[in-house]
Amino acid sequence: MNFLNDLNPVQREAVKAVNGPVMVIAGAGSGKTRVLTYRIAYLVSIGVPAYQILALTFTNKAASEMKGRIASLVGEKSRSIWMGTFHAMFARILRTEAEKIGYERSFTIYDSQDSLNAIRTVMNAAGISSQQFPPQAIRSRISNAKNNLFTPEQYSASAQSFFEEKAAAVYDVYQKYLKQNNAMDFDDLLLKPIELFRGHKKTLEQYQDRFRFILIDEYQDTNRAQYVLVNLLAAKYRNICVVGDDAQSIYAFRGADIRNILDFEKDYSDAKTFRLEQNYRSTKTILGAADLLIKNNVRQIPKTLWTDNQQGEQLTLLDCADEKDEAAQIVSQIYRDCSEYKLDLKDFAVLYRTNAQSRAVEDALRRQNVPYVIVGGTEFYDRKEIKDVLAYLRVLANPKDAESFLRIVNVPNRGIGDASLEKLKAFAEQNQLTLLEVAGRAKEITGLGEKQRSGLLSVSNLFAKFIGLKPTLSVTELSRSLVDQIGVLPLYKAEGTAEAQSRFENIQELLSAISEAVESDPEITLEGFLENVALVSDVDKWDGERNTVTLMTLHSAKGLEFPIVFVSGLEEGLFPIYADSIGDTELEEERRLLYVGMTRAMKKLYVSFARSRFRNGDRTYPEPSRFLAEIGEKISSKEAPVDAGLRFADLGEQVKGRTGRARKDDGVSKYFSDDSPDYENQTDVAPELAVGAKIEHEMFGEGTVLGLSGKGDSAKAVVLFPEVGRKMLLLKYAKLKVV
DNA sequence: ATTAGGCGATTTTTT
DNA sequence: ATCGCCTAAT
């Protein structure tokens, strides 16, 4: 147990206080993860069976890293610790207990998009206008209600407006629809276990006895449902350890309730509280700036973070003309620091408030051939063709899933449109059958055309065949032959366009992703694989070891650290977002979000703002963020606003000078393009596309611009591609490169 | 009755 | 880029 020597005295106390309720208030960079991992390792080393430990983390990535470290401390027995996100762990419990609450174990997990589609479906069926009641808004009300444990009846009773009454009505039918589909949304993964435990005392007790030691990371970001859930589980043995930092609570918008951590000592009057106040991550300057900022928040647990680390450099403020200038300045700072401090690209992170901000930075990095990764944003699994194949697999796993069935019933085209589907649904309703079952009885449905009938029958036959095959084939074989049988691949092939080609390749890639998943976990079931697809987050997929610059939102950056961090877009209206229309609570959350971002930095922190920025199709001229004033004292004054043109020229020179010298041995220049960056062109105006210009498109290859229209985000270009033909492209998305 | 094609919106953050 | 929604073509 000599590993306890790696800890400072407070950390060690927190690790050793294993009995009874414990709260660890862990400031940023104070070794929170360390305490958690060592605490778990300590539990195992004093003889607690690993399977009695339940550790709930915020991301799967955090869980798998912790598992790795625990294994290195106490060895293989740590394997049976239950560690993962709330959603993943309770999905696992629900898979075994589903029948007790009227579900089947093969239930499907609907992500936000699926849930939105389901809401559209039920609103349509109920004849509620989606014009008057935007499904998005309805969804967020429903989700809020669920996070706060309101049943449809309770929510309806508490409705404050006509809109909320409608939302309550939709909520009611939505829940029934989900159940009918044997599907749960993200919120249900927390709600249903509560329902289970409240309705089945024996089951609750069984899990209480099972999980005698419960640890929760990022407790400040738990919502009401999560709170109730862990308190139910911990009620018998009361060995509950929560770790968090109220200053880093940034998920109120998703129902997180900061009171959970603020009131912990009230909930457990015998709780022991430990405060980790020594920061091991950042320089004195960075910490000081973060402290200056967070002091502006009223509601807070008082604490003083301190560090033995070096003073470090002042913060640098990048005063930028617009978002392109901002991106260019960030890239040139990365270049300079990279060579000056002999850093790797993986030491840099660019953080922003909204995903849309990544584009400009991305462009600048690509132009210089600097490798980067974007965490989040639009994903592989969001592609249409991928969702189609996954929908097939989902129907196979759960034939009751009507949403997935509707998605694929006409993919590829089988001549089945809205009208036929309405007949199908009516027949299903009348006879209490699933859509898939009804498809098999298409002959009994009156008014269907020959084409429609045979189309439905072929879908039905296909699933009948594969449902039969399912028990005999591995997930890999199953999905391969299913894709074969669907026959989309030859269709894409036949289409011959570059777009179809890319869809073809994406499906191949999905199939290899499935094989890989099976290889790394031979026990995995189809349901399990689909569950992973639904519950794996963006950061989970991020590989911090790859030597690239990382771009991500401030939210995604929670829990990570980087030697050099850029926090960009510090403008009123962007950060804090909607500055003039948000209340004090939201403003404080924005401030905490910046606090999180700043405290990611170890050595050096850059903050930037642009005097002009394109947002939602309009050019805006925001004021610098009020947060800049709050940390002003820690910002170096030497980077005063300079005339943009001059500065670009200067930097151009410097970069040019360095490339020449650096190319030989510093290992840096290889990341940058050989031709010296032309800042004038990059930052002034976008390399303006002209009619007649030759361009290159990621998917379509080379082409000629025939026409241009629209402004800002809605700017479009008509391009003629020799192979693909004429295409209208939205510049915002089509990453055109002038050749 | 079905499908193709065009238009407009999407985005604040996410399990 | 993708989706829902609308209209025109088949």
Side-chain angles (χ1 to χ4, degrees), chain A residues 56-60 84-91 109-113 115-117 120 124 130-131 134-136 140 143 147 185-190 218 221-223 225-226 250-256 351-359 375-379 382-385 387 407 410 413-423 447-449 451-452 455 499 502-503 531 534-540 552-558 569 573-578 582 586 589-590 592-593 596-597 615-617 697-699 710 713-714 716 727-735:
Chain A
L56 299 163
T57 58
F58 200 73
T59 61
N60 295 300
T85 63
F86 270 91
H87 292 85
M89 292 302 97
F90 287 100
I109 297 171
Y110 281 180
D111 67 18
S112 317
Q113 191 60 51
S115 133
L116 186 62
N117 289 336
R120 283 203 186 96
N124 264 333
S130 52
Q131 295 285 315
Q136 295 257 34
S140 102
S143 178
N147 285 154
D185 66 12
F186 284 148
D187 302 324
D188 285 335
L189 294 179
L190 307 173
E218 309 281 9
D221 280 320
T222 50
N223 64 27
Q226 290 166 321
I250 55 173
Y251 279 97
F253 73 91
R254 169 179 116 177
L351 309 181
Y352 35 77
R353 181 65 181 80
T354 67
N355 278 311
Q357 285 165 260
S358 68
R359 181 133 280 123
V375 176
T378 31
E379 275 295 324
D382 293 335
R383 304 286 181 84
K384 181 193 174 309
E385 61 278 16
K387 286 193 148 188
R407 183 181 178 99
N410 200 32
N413 270 339
R414 301 185 176 101
I416 302 158
D418 281 347
S420 310
L421 287 176
E422 282 311 314
K423 283 171 200 152
L448 279 184
K451 195 177 172 191
Q452 283 71 26
E499 188 184 343
S502 126
R503 293 193 192 281
E531 181 174 311
L535 294 184
V536 160
S537 76
D538 295 328
V539 240
D540 294 337
M552 66 175 115
T553 62
L554 288 135
H555 282 90
S556 299
K558 187 165 88 154
L574 180 61
F575 198 6
I577 199 144
Y578 301 133
I582 59 173
E586 286 100 340
E589 178 147 316
E590 293 290 305
R592 289 193 297 268
L593 187 56
V596 168
R615 283 239 281 152
N616 300 328
H697 184 271
E698 261 190 351
M699 268 193 258
D713 275 6
S714 57
K716 295 177 190 102
K727 282 269 168 194
M728 169 94 86
L729 301 165
L730 202 52
L731 297 185
K732 186 181 165 191
Y733 295 109
K735 294 160 191 169

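Chain letters run A, B, ... following the sequence lines, proteins first, then strands; residues in each count from 1.
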Think [X] has a side-chain N or O under 4.0 angstrom from the OP1 or OP2 of [N]?
| X | N | value |
| --- | --- | --- |
| A:Asn355 | B:dT12 | no |
| A:Arg407 | C:dC3 | yes |
| A:Asn410 | B:dT2 | no |
| A:Tyr578 | B:dT12 | yes |
| A:Ser556 | B:dT13 | no |
| A:Ser420 | B:dT2 | yes |
| A:Arg503 | C:dT2 | yes |
| A:Gln452 | B:dT2 | yes |

Nearest whole angstrom, please: distance from the [atom2] of [N] to the [atom1] of [X].
| X | N | atom1 | atom2 | answer |
| --- | --- | --- | --- | --- |
| A:Leu56 | B:dT15 | CG | P | 16 Å |
| A:Gln357 | B:dT11 | CD | P | 16 Å |
| A:Leu554 | B:dT12 | CG | C1' | 11 Å |
| A:Asn147 | B:dT15 | CG | C1' | 10 Å |
| A:Asn413 | B:dT3 | CG | P | 6 Å |
| A:Glu589 | B:dT13 | CD | P | 13 Å |
| A:Leu574 | B:dT11 | CG | C1' | 11 Å |
| A:Lys558 | B:dT12 | NZ | P | 21 Å |

Check whether any side-chain heavy atom of [X] sits under 4.5 Å from a side-chain heavy atom of [Y], and report yes or no.
| X | Y | answer |
| --- | --- | --- |
| A:Asp221 | A:Gln226 | no |
| A:Leu554 | A:Tyr352 | no |
| A:Leu351 | A:Met552 | yes |

Exercise for review: Would you mind telling me which residue lines up with the more 5' stretch of DNA chain B, A:Gly449 or A:Ile250, judged by nearest nucleotide?
Suggested key: A:Gly449

Of the nucleotides [options], which has the atom closest to the [X] side chain?
| X | options | result |
| --- | --- | --- |
| A:Ala356 | B:dT14, B:dT11, B:dT2 | B:dT11 |
| A:Lys384 | C:dC3, B:dT10, B:dT14 | C:dC3 |
| A:Gln136 | B:dT11, B:dT15, B:dT12 | B:dT11 |
| A:Thr553 | B:dT15, B:dA1, B:dT13 | B:dT13 |

Tell me whether [X] contacts the main-chain N or O of [Y] through its side chain, where contact means a donor paired with an acceptor under 3.5 Å.
| X | Y | value |
| --- | --- | --- |
| A:Asp185 | A:Asp111 | no |
| A:His87 | A:Leu535 | no |
| A:Lys423 | A:Leu448 | no |

Check your understanding: Is A:Phe86 touching bases, backbone alone, or none of the nucleic acid, heavy atoms closer than 4.0 Å?
Key ->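 Result for A:Phe86 = nothing.
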
Review point. Reckon A:Ile416 touches a base, only the sugar-phosphate, or nothing at all at heavy-atom distances under 4.0 Å?
Key: sugar-phosphate

Review point. A:Phe253 stacking on B:dT13: centroids under 5.5 Å, ring planes under 30°?
Key: yes

Point to revise | B:dT12 to C:dG4 separation - C1' atoms, rounded to the nearest Å | key: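 Per the computed distance, 22 Å lies between those C1' atoms.
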
